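Chain A is the first sequence line, chain B the second, and so forth, proteins listed ahead of strands; every chain is numbered from 1. Here the structure is a predicted model, which means the values were calculated and not measured.
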Protein chains: 2
Amino acid sequence: MIKQRGQVVVDKILDTAERLFFEQGYNITGINQVIEEADIAKASLYKHFGSKTDLLVAYLQRIHERWFDKLEADVDKVADPKEKLLTLFDYHRERQLQNGFGGCRFIKANDEAGMSDERVLAEIQKAKQHLRDYISMLVVNSGHQKLLTDKELTELIFMMLDGGIVAASVFKQADDLQSAKSIIQKLI
Amino acid sequence: MIKQRGQVVVDKILDTAERLFFEQGYNITGINQVIEEADIAKASLYKHFGSKTDLLVAYLQRIHERWFDKLEADVDKVADPKEKLLTLFDYHRERQLQNGFGGCRFIKANDEAGMSDERVLAEIQKAKQHLRDYISMLVVNSGHQKLLTDKELTELIFMMLDGGIVAASVFKQADDLQSAKSIIQKLI
DNA sequence: CATTAAATATACAGATCTGTCTATTTAATG
DNA sequence: CATTAAATAGACAGATCTGTATATTTAATG
C-alpha cells in the first residue's frame, strides 16, 4: 500500500501534534508551532483539519487506537489469565517511564478541553470505556479468587490504573504503579 | 479582626482566579478576564502577585488549605475509625457532585502547568503528599483486618480516590467513587 | 504534454495575551 | 487638614493566537 500524497502531510501533522499536545499541552500549543515543526504549510493543515479542535479529535482517535493496540499486544504475550491482569500495570508503568511521567493523554485532554467541546469529551469517554470493557473481559476470564465480584475487581483495577498514572505524573516516579500491581496480585 | 484594604483586593482576585482556573483552566484564563470579573485594576493584581504564575501558586496554596480543612472537619465528625476511611470517599464524591464533575484542581494544574514551573509542581506534590500522609494516619488507627498491610491499604485508598475523581470527571457521574467506597468497605 | 489537484510561501485580519507605565482618585492615619 | 499609601483607569508594547486569502510551485494522471 503506497502512501497517498495527502497521507504524508496528514501523518506529519499528527506526529507533530501528538508530540506537542503531550509535551506542552493542547492549549498552549499553537497552530503556527505545529506547522513549523511539522514542516508543512498552514493551508495544508486547514485543508485536512477544519479547525484546531478537529485536530485534537483526530489526535485522540489516533492515540486511542495505537495505545490500545500495543496494550493488547503486550497482554496477548502472556498466557496466564491472572498474569494478564498484572500486565496492565506493567504496561502503564513502562509507558510512564518512557514518556517522562507525563501522565495520561486522555486525562490531560479532558482537563484542558473536555468541558469545552462535546466531541472531545466523547472521544475521551470512548477510550476510557474501551479500557474498562477490556479489563472486565480479562477479569471474567481470570479465575480470580472472588474476594471481590467481577464488577468490583474491574472497577478496582480501572481506578488504580488511572490513580497510579496520576501519582506517577505528580511525583515523577512509577513506584505507585508498582505498588498497585502488588496489591492487585494479593487480591486475585 | 478587621480586613486591611489590600486584603479585600487580594481576596477578590483569589476568589475570581479560583473560579476561573477551575471552570476554564489556567492557560485559557487571561489576566484581563481575572481583573475584569474581580472588578479590580490590573496594577493592583501585579502589585500583589508578581506574575500569572505567582497567582497560580497562591491559588494552589489556598485551595490546598481550604480543601483540607473541610476534609478533616468531615472526618472528625465520624467516630468509628473504619468509617473515617469511608468518609474520604463521601467527601470526594460530594465535592464532585457540587462542582459539576470538574475533577481535581491539583491534577488539572499539574496537567496544565506542572511541567513548566517547579514551584507549581512543588505545591501540587505538597497537597497530594499531605493527603497520603493523612490517609496513612487514618489507616494505622483504623484497626482494619490486615488483609493488606497498612502501607498497601494507604496506597490503595490514595489511588482509588484519584482514580475515582478522574472517572467522575470523564464520565460526568460519581458512581465510581461510590463503587470505590464499597470495595474499600469489603477490604477493611 | 496538458490538465488537475495538492502543497507551498506569505501576508493579513482581528483578537488576545502578559506585563509595564503614567496619571488620577480614594481612603486611612497622624 | 495634610500626608501617605493603595487602588484606580487606561494606554501601550510586543508578541502570539486562529483562521482566511492569494498566488505560486510541485507532482500525479490521462
Among the candidates [options], find the nucleotide nearest to the side-chain atoms of [X].
| X | options | result |
| --- | --- | --- |
| B/Val9 | D/dA7, C/dT8, D/dT18 | D/dA7 |
| A/Lys52 | D/dG19, D/dA21, C/dG19 | D/dG19 |
| B/Tyr46 | D/dT18, D/dA9, C/dT20 | C/dT20 |
| B/Asn32 | C/dA7, D/dT18, C/dC17 | C/dC17 |

Need one value for [X]: base, sugar-phosphate or nothing, where a base atom within 4.0 Å counts as base even if backbone is also close, heavy atoms only.
| X | result |
| --- | --- |
| B/Thr29 | sugar-phosphate |
| A/Lys47 | sugar-phosphate |
| B/Asn27 | nothing |

Using side chain to side chain contact (heavy atoms under 4.5 Å, CB included) as the criterion, list what pairs up with A/Asp150, not counting sequence neighbours.
->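 Checked A/Asp150 against side chain to side chain contact (heavy atoms under 4.5 Å, CB included); matches are A/Val139, A/Val140, A/His144, A/Lys146.
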5'-most by nearest nucleotide on DNA chain D - A/Ile28 or A/Gly50 | A/Ile28
Length of the [atom1]-[atom2] vector between [X] and [N], whole Å:
| X | N | atom1 | atom2 | result |
| --- | --- | --- | --- | --- |
| B/Leu55 | C/dC17 | CG | C1' | 15 Å |
| A/Asp54 | D/dG19 | CG | C1' | 13 Å |
| A/Leu45 | C/dT8 | CG | P | 11 Å |
| B/Gln24 | C/dT16 | CD | P | 13 Å |
| B/Leu56 | C/dT18 | CG | C1' | 15 Å |
| A/Ile35 | C/dA11 | CD1 | C1' | 13 Å |
| A/Ile31 | C/dT16 | CD1 | C1' | 16 Å |
| B/Asp11 | D/dA7 | CG | P | 12 Å |

Please determine, for C/dA28, whether a Watson-Crick or G-U wobble partner exists with both distances under 3.5 Å, and give it or none.
->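 WC or wobble partner is D/dT3.
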Write down the partner of C/dG14 under the Watson-Crick or G-U wobble criteria, each distance required to be under 3.5 Å.
->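 Result: D/dC17.
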Taking only N and O in the side chain of A/His48, is any of them less than 4.0 Å away from OP1 or OP2 of C/dA7?
-> yes
Do other residues, nucleotides or ligands put more than 12 heavy atoms under 6.0 Å from B/Gln129 CD?
-> yes
Is atom NZ of A/Lys186 surrounded by more than 12 heavy atoms (other residues, nucleotides or ligands) closer than 6.0 Å?
-> yes
Any ion pair linking B/Lys77 and B/Asp74 (charged N to carboxylate O, less than 4.0 Å)?
-> yes
Is the distance between the ring centroids of A/His92 and A/Trp67 under 6.0 Å?
-> yes
Could one point to a donor on the side chain of B/Lys42 or the base of C/dG19 with an acceptor on the other under 3.5 Å away?
->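 Such a pair exists between side chain and base.
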